[in-house]
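The block underneath contains the structure these notes are about, expressed in structure tokens.
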Amino acid sequence: MDPNILILGAPGAGKGTQSRRITEKYDVEHVTTGDALRANKHMETEHGTPASYMNEGELVPDPVVNEIVKAALEDADGYVLDGYPRNLSQAEYLADITDLDAVLYLDVDKSVLVDRLTGRRVCDECGANYHVDFNQPEESGVCDECGGELVQREDDTEETVRERIRVYEENTQPVIDFYDDEGELVRIDGEQTPDEVWDDVQDAIESSV
Ligand code: ADP
Ligand code: ADP
Ligand code: ZN
């Protein structure tokens, strides 16, 4: 059985970057609510479209997100879950539908997050992510992995980033504390280089599973 891994951290902490490596090494699926919502951002739900929340940096309502996660986890034989749960009610829902083997937390100071997010560039073909200063592609604007075009996410503007960090502190910090209190959380210094973080991530997975 492949492991069920949860990766937690603030917006910009490096969850997507590390999750990509996890999927390759441990042969698990990357389940990420952010990507799933972006792929369905104009879908009409009884709560309005996901885009109407995402562009403001607010959380998409729980019923919409819970349904996406349930379906994705049912289909996955081993996963790394990234971007969920973002509040306590999502954490309770998750506990009802699955068992986790490892809970990782990428610890990054708030002061670092704004620069990471406003400088983020994402491949519009394969989703690989880069940074204009910290993680540059070989050729500016072009994905190393697939040659796709690198674009800036609509919600990676400074104003929306600041709101996302505020929403994180209010709603998601209690989720971190919840797993910490349960003794399940492995804290990783997310301010190291991506390769150093990756070393710690592998150690944490291998000692938890
Ligand atoms: P998250 O999924 O947690 O929001 P990302 O993995 O998308 O975070 O990373 C946010 C930005 O920071 C991206 O531009 C990425 O290239 C960059 N980044 C990721 N990890 C590091 C790191 N360890 N040091 C510096 N920059 C990083
Ligand atoms: P980041 O990589 O910066 O952490 P994500 O791609 O995970 O951002 O999420 C982008 C946006 O999608 C969030 O700001 C929020 O509007 C929405 N979203 C993603 N996951 C959830 C979730 N679990 N609950 C509610 N909204 C979510
Ligand atoms: Zn690409």
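Atoms within a ligand are numbered from 1 in the order they appear, just like the ligands themselves. Numbering of residues begins at 1 and proceeds along the displayed sequence. Since the structure is predicted, the reported quantities are computational estimates derived from the model, not experimental observations.
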N/O donor-acceptor pair under 3.5 Å between Lys15 side chain and Gly9 backbone: yes
Part of Leu106 within contact of ligand 1 (heavy atoms, under 4.0 Å): neither
Whether Glu191 side chain and Asp109 backbone form a donor-acceptor pair below 3.5 Å: yes
Protein contact of atom 26 (N) of ligand 2 - nearest heavy atom, named by residue and atom, plus distance: Val60 N, 3.0 Å
Sub-4.0 Å heavy-atom contact, Gln192 with ligand 1: yes
For Thr193, atoms of ligand 1 separated by under 4.0 Å from a heavy atom: 23 (N)
Ligand 2 atoms in contact with Arg38 (distance to a heavy atom under 4.0 Å): 6 (O), 10 (C)
Close side-chain approach of Asp200 to Gln192, heavy-atom, < 4.5 Å: yes
Within-shell test, Pro194 vs ligand 1, heavy atom, strictly < 4.0 Å: yes
Protein heavy atom at shortest distance from atom 16 (O) of ligand 2: Glu58 O, 2.6 Å
Those atoms of ligand 1 less than 4.0 Å from some heavy atom in Asn135: 16 (O)
Heavy-atom side-chain proximity of Tyr179 to Leu100 below 4.5 angstrom: yes
Nearest neighbour in protein (non-hydrogen) for atom 20 (N) of ligand 2: Thr33 OG1, 2.7 Å
Same apolar cluster (I L V M F W Y, side chains within < 4.5 Å links), Tyr93/Ile68: yes
Closest candidate by heavy atom, reference atom 24 (N) of ligand 2, pool Gln90, Glu154, Lys15, Arg120: Gln90
Any Ala10 heavy atom less than 4.0 Å from ligand 1: yes
Closest protein heavy atom to atom 4 (O) of ligand 1, given as residue, atom name and distance to 0.1 Å: Gly12 N, 2.8 Å
Atoms in ligand 2 with a heavy atom of Pro11 nearer than 4.0 Å: 3 (O), 4 (O)
From Arg86, Arg164, Lys41 - option closest to atom 22 (C) of ligand 2 by heavy atom: Arg86
Side chain Asp180, main chain Ile176, donor-acceptor under 3.5 Å: no
Vertex the Zn ion (ligand 3), arms to Cys123 SG and Cys146 SG, rounded to 10°: 100°
Non-hydrogen side-chain atoms of Thr49 and Glu44 separated by less than 4.5 Å: yes
Asp115 backbone acceptor or donor facing His131 side chain under 3.5 Å: yes
Sub-4.5 Å side-chain heavy-atom contact between Cys126 and Arg20: yes
Nearest-neighbour protein heavy atom for atom 2 (O) of ligand 1, which is reported as residue plus atom name and distance: Gly16 N, 2.9 Å
Within 6.0 angstrom of Lys25 NZ, more than 12 heavy atoms from elsewhere: yes
Ligand 2 versus Leu37: contacting region, heavy-atom distance under 4.0 Å: side chain
Distance-only side-chain donor-acceptor flag, Glu184 / Tyr105, under 3.5 Å: no
Vertex the Zn ion (ligand 3), rays to SG in Cys126 and SG in Cys143 - rounded to 10°: 110°
Intermediate values then yes/no, salt bridge (charged side-chain N to carboxylate O under 4.0 Å, His left out), Asp96 and Lys70: CA-CA 10 Å; Asp96 285 340; Lys70 184 162 193 256; over 6 Å; no
contact_flag Arg153 ligand 2 heavy-atom lt 4.0 Å: yes
Protein contact of atom 19 (C) of ligand 1 - nearest heavy atom, named by residue and atom, plus distance: Thr17 OG1, 3.4 Å
Numbered atoms and elements of ligand 2 in range of Val65, under 4.0 angstrom, heavy atoms: 22 (C), 23 (N), 24 (N), 25 (C)
Close side-chain approach of Val31 to Tyr84, heavy-atom, < 4.5 Å: no
Nearest non-hydrogen protein atom, atom 12 (O) of ligand 1: Arg116 CD, 3.4 Å
Tyr84 neighbourhood, listing ligand 2 atoms whose heavy-atom distance to it stays under 4.0 Å: 23 (N)
Trace of the side chain to side chain contact (heavy atoms under 4.5 Å, CB included) decision for Arg164 with Leu117: CA-CA 10 Å; Arg164 282 157 61 205; Leu117 290 167; 3.9 Å; yes
Sub-3.5 Å N/O-N/O distance, Val197 and ligand 1: no
Ligand 2-proximal atoms of Leu59, by part, heavy-atom distance under 4.0 Å: both
Atom 8 (O) of ligand 1 [closest protein heavy-atom partner, distance rounded to 0.1 Å]: Gly14 N, 3.1 Å
Min side-chain heavy-atom separation Pro194-Asn135 under 4.5 Å: no
Within-4.5 Å side-chain heavy-atom neighbours: Pro63 and His47: yes
Heavy-atom nearest neighbour in the protein, as seen from atom 14 (O) of ligand 1, with distance rounded to 0.1 Å: Tyr130 O, 2.7 Å
Main-chain N/O of Asn4 paired to Asp101 side chain as donor or acceptor, under 3.5 Å: yes
Residue and atom name of the nearest protein heavy atom (relative to atom 11 (C) of ligand 2), distance in Å to one decimal: Met54 CE, 3.9 Å
Minimum-distance protein heavy atom relative to atom 15 (C) of ligand 1: Asn129 OD1, 3.3 Å
